[in-house]
Amino acid sequence: MYYAQVNQQAPHRSRVMTVTGNGQIKATPTSAQLQIEVQTQGDNVQVPQQENAMTMNQVIQSLIALGIPREQIQTTSYIITPLYKFEDGKQIFNGYEVINAVTVNVTNTDDLGLIIDIAIENGANRIASIQFNIDHTDAYYQQALRVALQNAQLKAKTIAETMHLPLQLLPIEIVEEQVNTPILYRSMVDASGNTPIEQGQVAIQATVRVTYQY
């Protein structure tokens, strides 16, 4: 009896590499949100409440006089807090604090310094935050995504060329990853008393994880 010899070869196992691509596009802010606060204190709750209401109304009217529409000024928080101090290890009641905060939507970011100055001149005593925004962020994100994909492909090519690998440029998997980009600002008061706000540029980022065969 004769048996034919069969050469059995192990099935070819595809090899893969996964790279991360990053893309970033910078854009100039087109608007901003500014949180302005009035903080008052008093021995009883009525006095700081009344003082706070009068001061905040004055602040709001001064902003309207600058040309900011009333609908772009919104109350975001109103807090009344009892205050205490410690003497000889004992907690002693020390009056109340009232905090009234409004958010102002500013369409012309060049006016931010002037808005802050006017608000402070009219009684505001805290600028809690400034957040810069960009219109049409999706269009900028698509550009960042394209850059991220190109970056991933370049990384894969570099690895393949360095390791002398037969890279297949058609990806077998692309995963878009979520990126949270902090929006920062910088402010300072110069010797003249003006408040310049450096808006700079906001970075829109995209990140992808791409898998290739080789």
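Remark: Asp43 CG is loosely packed, at most 12 non-hydrogen atoms of other residues, nucleotides or ligands lying under 6.0 Å away. Residue-environment remark: CD (Gln142) exceeds the threshold of 12 foreign heavy atoms within 6.0 Å.
A distance of 11.0 Å separates CD1 in Ile60 from CD in Gln74, rounded to the nearest 0.5 Å. Expressed to the nearest 0.5 Å, how far CG of Leu165 lies from CE of Met17 amounts to 5.5 Å. Note: Asn100 CG to Ile80 CD1 = 10.0 Å, rounded to the nearest 0.5 Å. Interatomic distance, Leu83 CG to Asn94 CG, rounded to the nearest 0.5 Å: 6.0 Å. Rounding to the nearest 0.5 angstrom, the gap separating the CD atom in Gln61 from the CD1 atom in Ile118 is 13.5 Å. Taking CD1 from Ile115 and CD1 from Ile130, the interatomic distance works out to 9.5 Å, rounded to the nearest 0.5 Å.
Val210 pairs with exactly one of Asn151, Thr18, Ile174 by the side-chain contact (heavy atoms from CB on, under 4.5 Å) rule, that one being Ile174.
Asn105 and Gln33 share a side-chain donor-acceptor pair at under 3.5 Å. Side-chain contact check for Thr107 and Ser31: no donor-acceptor pair (N or O, by modelled atom type) lies under 3.5 Å.
Residues Gln131 and Asn133 come closest through the heavy atom pair NE2-OD1, 3.2 Å. When every heavy atom of Leu112 is checked against every heavy atom of Ala32, the shortest pair comes out as CD1-CB, 4.0 Å. Between Val202 and Pro29 the shortest heavy-atom distance is CG2-CG, 3.7 Å. Shown here for Ala206 and Ala148, the closest heavy-atom pair between the two residues is O-CB, 3.7 Å. Closest non-hydrogen pair, Tyr214 versus Leu167, comes out as CB-CA, 4.0 Å. Contact between Ala124 and Ile36 at its shortest, heavy atoms only, is CB-CG2, 3.5 Å.
For the pair Val102 and Thr76, the minimum side-chain heavy-atom distance is 4.5 Å or more. Val38 has its side chain out of reach of Ile99: every pair of non-hydrogen atoms, C-beta onward, lies at least 4.5 Å apart. Between Gln35 and Ser129 there is a side-chain heavy-atom pair separated by less than 4.5 Å. Under the 4.5 Å side-chain criterion, counting only non-hydrogen atoms from C-beta, Thr30 is not in contact with Phe132. The closest side-chain heavy-atom distance from Asn125 to Ile120 is not below 4.5 Å. Between Asp111 and Leu66 there is no side-chain heavy-atom pair separated by less than 4.5 Å. Counting only heavy atoms from C-beta outward, the side chains of Ile64 and Ile73 approach each other to under 4.5 Å. Residues Arg15 and Gln213 have side chains not in contact (no heavy-atom distance under 4.5 Å, counting atoms from C-beta outward).
Applying the salt bridge (Lys or Arg N to Asp or Glu O under 4.0 Å) definition to pairs two or more places apart or across chains, those involving residues 77-101 are Lys85-Glu87. Within the structure, no pair that satisfies the ring-ring contact (aromatic ring centres under 6.0 Å, His included) test touches residues 133-164, not counting sequence neighbours. Pairs engaging residues 95-123 under the ring-ring contact (aromatic ring centres under 6.0 Å, His included) rule: Phe93-Tyr96 [sequence neighbours left out]. A salt bridge (Lys or Arg N to Asp or Glu O under 4.0 Å) check over residues 140-161, counting only residues at least two apart or in different chains, returns nothing. Counting only residues at least two apart or in different chains, salt bridge (Lys or Arg N to Asp or Glu O under 4.0 Å) contacts with residues 62-83 are absent. Note on residues 21-42: pairs passing salt bridge (Lys or Arg N to Asp or Glu O under 4.0 Å), not counting sequence neighbours, are Glu37-Arg126.
Formation of a donor-acceptor pair under 3.5 Å by the Gln205 side chain with backbone atoms of Gln24 is not found in this model. Ser62 places a side-chain N or O within donor-acceptor distance of the main-chain N or O of Val59, the cut-off being under 3.5 Å. Judged by distance alone, the side chain of Asn44 and the main-chain N or O of Val47 form a donor-acceptor pair under 3.5 Å.
Legend: residues meeting side-chain hydrogen bond (donor to acceptor under 3.5 Å, both in side chains) with Glu173, ordered by chain and number and at least two apart, are absent. Annotation: side-chain hydrogen bond (donor to acceptor under 3.5 Å, both in side chains) contacts of Thr207 (sequence neighbours excluded): Asn22. For Gln143, the side-chain hydrogen bond (donor to acceptor under 3.5 Å, both in side chains) criterion is met by no residue, not counting sequence neighbours. Residues forming a side-chain hydrogen bond (donor to acceptor under 3.5 Å, both in side chains) with Thr109 (at least two apart in sequence, or on another chain): Gln199.
Tracing side-chain contacts under 4.5 Å through hydrophobic residues (I, L, V, M, F, W, Y), one never reaches Val208 starting from Leu170; they form parts of separate clusters. Val98 and Met56 fall into different hydrophobic clusters, where Ile, Leu, Val, Met, Phe, Trp and Tyr side chains are chained together by heavy-atom contacts under 4.5 Å.
When hydrophobic residues (I, L, V, M, F, W, Y) are linked wherever their side-chain heavy atoms come within less than 4.5 Å, Met54 remains an isolated member. If you chain together ILVMFWY residues whose side-chain heavy atoms come under 4.5 Å of each other, Val16 ends up grouped with Ile172.
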